[in-house]
Amino acid sequence: MLEIIPLILGPVSTNCYLIADSDSGEAAVIDPAWDGQVILAEAIKRGWKIGQLWYTHAHFDHFGGAAEIASTLNASADPAHRMALSTNSLPVVALHPLDHPLWQNQGGAPLFGMHIELGPEPTVALAHGQILHLGNIEFEVRHTPGHTPGHVVFYCAKEAVLFSGDLIFQGGVGRSDLPGGNWEALERSIREQVYTLPDETRLLSGHGGKSTVGEEKHANPFVRA
Ligand SMILES: [Zn+2]
Ligand SMILES: [Zn+2]
C-alpha cells in the first residue's frame, strides 16, 4: 500500500512528500525540499529505506534537502541512518533532462541571494510515459512544461493520486514568469496532463493545500476546464 507523509519545509513552505510502499518498506522522496534531517527522521521512525529522490522540477526549494540526505546516509556511522537507505550508495536522483541546466545552476538559488548544495547528480533521466517503481507500486511520469521546461508530474492511477509539483495548486497555478517559464505551455500541460485524469484524483502539489482534479477543473480561476 502507498503511504504518503507530507512535510512542509524550507524558506518558501514547499510541500515535500515522503512516500513508501508499506509492504516492502521501500521509500522515495518527491521533492526533498529542505531539511534533509527532518525527512530522514520520518523515514527512520517508520523503518523505511529511502532509495530514490524524484524531482518534479529543479527549483532550489524542491531539492534543497537532497545533499543532507545523501551525505548523512553515506557518511553516518549510525546504523539507524544506514538502515534508511536500501544500499550503501547514494540515493538515485530522477530529474527530467530539460531541467538539468537549472539544477546545475542551484535551481535559481543565486537569483534569490542563496546558496544550496546540489547533492547527488541526477542519473535517472525522466521521460514522458516512463513508469517508476516503488516496491509494487507504479507511477507514471508526465512531462508538463510551463513552470520550468523539464517539469514533470507523478501519477499513481491505482491510488488515484497526482503529485503535481508547481504545475497546479489548490486554486492556483505555477509561475510562468521565471526563467524557462511559458504560460501557453503551462496551460496546455494542465489541460492535457491533469484535467484529463479522473475527477476524484487527489492533487498533492508543491505548495499549499490538497485538492482534486475535479475541484480544480470547476474552480481553478486561472485555467478553466
Ligand atoms: Zn518551482
Ligand atoms: Zn516551488
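Note that ligands are numbered from 1 as they come in the structure, with each ligand's atoms numbered from 1 the same way.
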Sorted by chain and residue number, which protein N/O/S atoms are under 2.8 Å from the Zn ion (ligand 2)?
Asp61 OD2, His62 NE2, Asp166 OD2, His207 NE2
is_close_aromatic(His59, His147), centroid dist under 6.0 Å
yes
Is the distance from the ring center of His62 to that of His207 below 6.0 Å?
yes
Salt bridge Arg191-Glu187, side-chain N to carboxylate O under 4.0 Å:
yes
Are Glu215 and Lys217 ion-paired here, with the side-chain N under 4.0 Å from a carboxylate O?
no
Should Asp166 and Arg175 count as an ion pair when the cut-off is N to O under 4.0 Å?
no
Ring centres of Tyr17 and Phe163 under 6.0 Å apart?
yes
